[in-house]
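One structure is given here, and the rest of the page talks about it.
As the structure is a computational prediction, the values presented were derived from the model and not from experiment. In what follows, every chain begins at residue 1, and chains take the letters A, B, ... in the order their sequences are listed.
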Number of protein chains: 2
Amino acid sequence: MVDRSRAKKTENSRPTIYDVAAACGVAPSTVSRAFARPGRVNAETAERIRQVAAEMGYRTNPLARALPTGRTSLIAIVIADVTNPFFFEILRGAEETATEAGYTLLVADVQESIEAERRALDRMIPMVEGIVLATSRMSDSSIRVAAKQRPTVVLNRAMSDIASVATDNALGMRRAVEHLADLGHVSITYVAGPDASWANGIRWRAMREATQELGMRARRIGPFAPTQAGGLSAAGELAATPPTAVIAYNDLLAIGLLRGLSSLGIRVPQDVSVVGFDNIFGADFCTPQLTTVAAPLRQLGKVAVQTLLNDLGGPASGRAVSRGPLKTALLPARLVIRESTARVEALAE
Amino acid sequence: MVDRSRAKKTENSRPTIYDVAAACGVAPSTVSRAFARPGRVNAETAERIRQVAAEMGYRTNPLARALPTGRTSLIAIVIADVTNPFFFEILRGAEETATEAGYTLLVADVQESIEAERRALDRMIPMVEGIVLATSRMSDSSIRVAAKQRPTVVLNRAMSDIASVATDNALGMRRAVEHLADLGHVSITYVAGPDASWANGIRWRAMREATQELGMRARRIGPFAPTQAGGLSAAGELAATPPTAVIAYNDLLAIGLLRGLSSLGIRVPQDVSVVGFDNIFGADFCTPQLTTVAAPLRQLGKVAVQTLLNDLGGPASGRAVSRGPLKTALLPARLVIRESTARVEALAE
DNA sequence: ATGAAAGCGCTAACAG
DNA sequence: CTGTTAGCGCTTTCAT
């Protein structure tokens, strides 16, 4: 039999339920219950236990709790690139929501590397209760193997069998195209991002459809890295036969484009209108200020975590295996019109 | 006696060292050693164990390992505001370094709230091996109580008794002032950030000293929120009697200032030169591009984590209680000259 | 409603 | 070098 009677063996170590139990004259299991499931213990006793525990400075040890139950109160979020402002607000939304529910976020920055993404997942999965994959570069099947191990929700991507939350890119694109049409443009060039990006595919497709419906022409160049550098290259490529309007895969690319165009003596928006995607930090202070399809960034992070928590069965409480029907949230995008788009002055191309 | 002989009780659950041990005909402790401290076990045996373990798909359970040892391989980083680009590169540097050493980052965004910071710490401390406080808003004494519980390093702050890593603000400020002096300015206005910010205090002090030595005048306005909005207000306040040169607490403030000044018809850099601090994302594409004192952001995150890991005694290995002398790293800042500063045209004020 | 006791999976003396 | 044996601190049947 274990001798639990000794006071916390080394004076400095934190008190355990055994110490509290001894001090209260109850069994350790009662103390455990008093904290883990109030209501399963006499109200008065519970109160007394809390009282004493508080005085002793007792805090339940999350590690010890996690071992038998698996409830670590940790959720992982893996993002393609912490350095990309696109993720700032997403992170905040996720963090906020997780914290409110008593969870802590484990974040992995995988620097756009599939390899790193896989490693991060390997490392984190055993410790977390759930995973949100923000803009994963992995294949659907790789995602599925992760999802088999822990509840998973993907951000900015759609998968038939995995909960997902994404921006309504089609709608956003539609608005952007309409805006350009209103300004008299008859042809639009899409400056593509990485082929591996789900959003890239869907945006291009949506643009083609929208232009078609509105009787406009669609062209496409790329792929380019979704960075300012990528935008610079794109500007070079565009310079030969500049279109009157371009829609870029994302704001980073668009901002690079702005700078590149400007340095080539092509004026925005007089010579060419450009619209970006996401409305990231900086879109409002680049020159000209960028017209862009704003993604509900914070909301995206928030809903992703909410969806996950829901799968986990409520805020850090007992698992209710009620995982409802597969959630697939599509959050609305809105067009933010600023200074980088204008009425077409000359005839299109 | 526990009956460990049964194969993994439920077929689906992951194999444990007991399963591997049984399959290899060795004791569980040997399997444990084979993974935890290779070298303490016969090379061949170890090899065989790894082999079998791999086949069975065994993975050591970090939770179980953590309970008896306290080695969670987790470190916490608490940052004042994930939404502030200042932290992007810091996060990346920290992440990178932690990952290389086999640690995972737990990040808490405390939204500039001391309250939230304290709560985050409470929540994370029991799970992590160490803490890095990036731009903490807490009092020194609050930091000390945290540091008493886990090895801690503070970022962008100096404390006599806690390891710290910061930018060499004094040097950076000196360079900025010299630059302005070179351009013929004889008076500089400091646009202050939050009083609670350690960096704010030190930057202002350094500016006063530098201007004094160079025979220039120093003025100060503020405090302002370290945001674009703050910069906008500052611009309003400055408009009455515009100085020829201002140094802002940070880039965010400086960018807001740029916009505010511009909308008030004050030209930068012709009418007033402005220099920022940190060289955050966006400083190179705002208009005009910002001259700024660049902080070694990524390096800051990296060194902070390295310092912490060092305190923990090597990369996820056994604790060597050799915590050397208190480390206080001061990383060099460099002045990045862009377009927001120019030779003074008229006589100063 | 509460107590007793058996683990969760791994590590760490302590023997041999 | 390897096996034995206690735990780490909490949860959770199963009795009472």
Side-chain angles (χ1 to χ4, degrees), chain A residues 1-10 13-22 24-49 53 56 58-73 126-127 316-319, chain B residues 1-10 13-22 24-49 53 56 58-73 126-127 316-319:
Chain A
M1 186 168 64
V2 185
D3 177 15
R4 295 291 195 174
S5 60
R6 76 226 176 317
K8 352 165 209 169
K9 52 173 175 305
T10 79
S13 78
R14 294 172 28 156
T16 73
I17 49 172
Y18 290 90
D19 301 315
V20 178
C24 287
V26 300
S29 52
T30 303
V31 178
S32 171
R33 288 187 197 104
F35 286 97
R37 45 197 67 205
R40 304 265 277 177
V41 58
N42 180 302
E44 292 174 25
T45 327
E47 186 44 44
R48 188 160 46 90
I49 292 177
M56 300 177 66
Y58 166 80
R59 315 260 348 211
T60 136
N61 177 332
L63 255 48
R65 188 221 287 288
L67 187 49
T69 61
R71 287 181 37 212
T72 58
S73 296
M127 310 205 62
S317 68
R319 209 77 340 120
Chain B
M1 187 168 63
V2 184
D3 178 15
R4 295 293 195 172
S5 60
R6 74 221 177 320
K8 354 167 207 167
K9 52 174 175 306
T10 80
S13 78
R14 294 174 26 157
T16 73
I17 48 173
Y18 289 91
D19 300 315
V20 178
C24 288
V26 299
S29 54
T30 302
V31 178
S32 171
R33 287 187 198 104
F35 287 98
R37 45 196 68 204
R40 303 265 277 177
V41 59
N42 181 300
E44 291 174 24
T45 327
E47 187 45 43
R48 187 159 48 88
I49 292 177
M56 302 178 65
Y58 167 79
R59 315 257 352 209
T60 134
N61 177 332
L63 255 49
R65 189 222 286 289
L67 187 49
T69 61
R71 287 180 37 210
T72 57
S73 295
M127 311 206 62
S317 68
R319 209 76 342 121

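- Closest approach of Pro68(B) to Ala64(B), counting heavy atoms only: CD-O, 2.9 Å.
- Counting to the nearest Å, the C1' atom of dG3(C) and the CG atom of Asn42(A) are 15 Å from each other.
- If one axis is set at each end of the helix from dA1(C)-dT16(D) to dG16(C)-dC1(D) from five pairs, those axes are 30° apart, to 10°.
- Rounded to the nearest 0.5 angstrom, Thr16(B) OG1 and Met56(B) CE are separated by 8.0 Å.
- Taking atom CZ on Arg59(B) and atom C1' on dC10(C), their separation rounds to 16 Å, with Å as the unit.
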Please table the atom pairs, donor to acceptor, closer than 3.5 Å between any side-chain atom in residues 32-42 of chain A and protein atoms at least two apart or in another chain.
unit_1: Asn42(A); atom_1: OD1; unit_2: Glu44(A); atom_2: N; d: 2.7
unit_1: Asn42(A); atom_1: OD1; unit_2: Thr45(A); atom_2: N; d: 3.3
unit_1: Asn42(A); atom_1: OD1; unit_2: Thr45(A); atom_2: OG1; d: 3.4

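- The shortest heavy-atom contact between Ala21(B) and Ala27(B) is CB-C, 3.8 Å.
- Between Leu63(B) and Ala66(A), the closest heavy-atom pair is CD2-CB, 3.5 Å.
- If you take CG on Leu67(B) and CZ on Arg65(B), they are separated by 12.5 Å, rounding to the nearest 0.5 Å.
- For the pair Asn61(A)/Arg14(A), no side-chain contact is recorded, criterion being any heavy-atom separation below 4.5 Å from C-beta on.
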Which letters describe nucleotides 11-16 of chain C, given B = protein heavy atom under 4.0 Å from base, S = only from sugar-phosphate, - = neither?
BBB---
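- Rounded to a whole Å, the CG atom of Leu63(A) is 10 Å from the P atom of dG9(D).
- To the nearest angstrom, C1' of dA6(D) lies 13 Å from CG of Leu67(B).
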So Tyr58(A) and Ile17(A), side-chain contact (heavy atoms from CB on, under 4.5 Å) or not? Walk me through it.
CA-CA 8 Å; Tyr58(A) 166 80; Ile17(A) 49 172; 3.4 Å; yes
